[in-house]
Amino acid sequence: HFFVDEKNQLIHWYGITNPIPAEGESMYGPGSSLYMGHATAPGPFGPWTEHPHAFSEPEEDGHIGCPFVVPYEDGYLMLFPNNRVDKKRLFVATSKDLFSWKRLEDFGPVGEGNLRDPCLVKLDDGSYLLYAADFSYEKIPHVRLYKTKDLLNYEELEPALLGPEPVSTMFYLESPFVFRHDGMYY
């Protein structure tokens with residue numbers, strides 16, 4: 001997932017980074033997906049510069065997921081999933097410069113369920129729609145939909161998209177991404 005810093009003409013990439021597990025161990029086992037990786041480039045084909053992790057999570061918190069970054073006040077806001085044992089929801093971090101991130105410990109989490117892969121779309125009235133993949137709606141994979149005016153308080157709406165009928169195996173709708181083009185949303 002990325003964010004374009006137009007002022008400095010850089011593309012910032014943020015994503016899950018894992019140590020390579022030992023042979024026979026799961027990529028998603030304990031101690032995996034604890035780091036929010038960060039790299040920059042002047043264009044999509046690089047050259048890419050790797051930076052220190054944007055942040056990391058304690059191992060007991062489970063694992064983090066793919067983030068989404070938007071301008072916020074005089075800096076930036078990042079929504080990211082953290083699949084804590086007790087809260088599988090979206091959490092918030094802020095930054096003034098896209099390099100140093102601070103998690104808002106007194107805020108969140110957003111939503112309920114197994115939210116991941118957030119996407120925020122700004123509407124003409126200045127409010128946002130938040131789309132996030134989930135599996136917990138009567139065991140039907142779906143994309144949850146929320147509306148927010150301030151990026152901190154969210155109102156849940158009806159699901160944006162429902163997948164196939166209840167399934168017994170793990171089937172997910174992944175990484176919803178919505179954008180506007182010529183007055184239409186895709």
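Counting begins at 1 with the first residue of the sequence.
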Distance under 6.0 Å and angle within 45° of ring axis: Arg144 vs Tyr131: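 Because its charged atom misses either the 6.0 Å distance or the 45° angle limit, Arg144 does not stack over Tyr131.
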Heavy-atom side-chain proximity of [X] to [Y] below 4.5 angstrom:
X	Y	answer
Leu104	Thr94	yes
Pro67	Pro118	no
Ile64	Leu34	no
Pro159	Leu145	no
Ile16	Tyr35	no
Ser95	Met78	no
Val121	Leu130	no
His142	Leu161	no

[atom1]/[X] to [atom2]/[Y] distance, rounded to the nearest 0.5 angstrom?
X	Y	atom1	atom2	result
Thr148	Leu129	OG1	CG	10.0 Å
Asp150	Glu73	CG	CD	9.0 Å
Leu151	Leu77	CG	CG	5.5 Å
Thr17	Met36	OG1	CE	8.5 Å
Leu115	Asp134	CG	CG	5.0 Å
Asp182	Tyr186	CG	OH	6.5 Å

message: I'd like to know if the side chain of His53 pairs up with that of His38 as donor and acceptor (distance under 3.5 Å, no hydrogens or angles considered).
response: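 Side chains of His53 and His38: no pair found under 3.5 Å.
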query: Would His12 and Phe99 satisfy side-chain contact (heavy atoms from CB on, under 4.5 Å), going step by step from the backbone distance to the final call?
result: CA-CA 9 Å; His12 288 256; Phe99 288 89; 3.6 Å; yes
List the atom of [X], the atom of [Y], and the distance in Å for their closest heavy-atom pair.
X	Y	value
Gly46	Ala41	CA-CB, 3.9 Å
Val178	Cys119	N-SG, 3.4 Å
Ile11	Gly43	CD1-C, 3.6 Å

Verify same cluster id: Phe179, Leu120 (apolar side-chain graph, 4.5 Å):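 Yes, same cluster.
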query: With ring centroids as reference points, do Phe68 and Tyr14 lie under 6.0 angstrom apart?
result: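 No - the distance between ring centres of Phe68 and Tyr14 does not fall below the 6.0 Å cut-off.
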- request: Please report the C-alpha distance between Lys147 and Ser127 in whole Å, then the side-chain angles of each, then the deciding distance to 0.1 Å, and finally whether the side-chain contact (heavy atoms from CB on, under 4.5 Å) criterion is met.
  value: CA-CA 7 Å; Lys147 188 168 186 178; Ser127 65; 3.3 Å; yes
- request: Please answer whether the main-chain N or O of Leu10 pairs with a side-chain N or O of Asn8 as donor and acceptor at a distance below 3.5 Å.
  value: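 Absent.
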query: Stepwise, does the side-chain contact (heavy atoms from CB on, under 4.5 Å) test hold for Tyr146 with Asn153?
result: CA-CA 10 Å; Tyr146 296 85; Asn153 298 290; over 6 Å; no
Mutual orientation of the aromatic rings belonging to Phe91 and Phe80 [parallel < 30°, tilted 30-60°, perpendicular > 60°]: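 Tilted, since the angle between the ring planes falls between 30° and 60°.
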task: Tell me, yes or no, whether the heavy-atom count around Tyr185 atom OH, taken from other residues, nucleotides or ligands under 6.0 Å, exceeds 12.
output: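 Yes, because the 6.0 Å sphere around OH of Tyr185 holds more than 12 heavy atoms from other groups.
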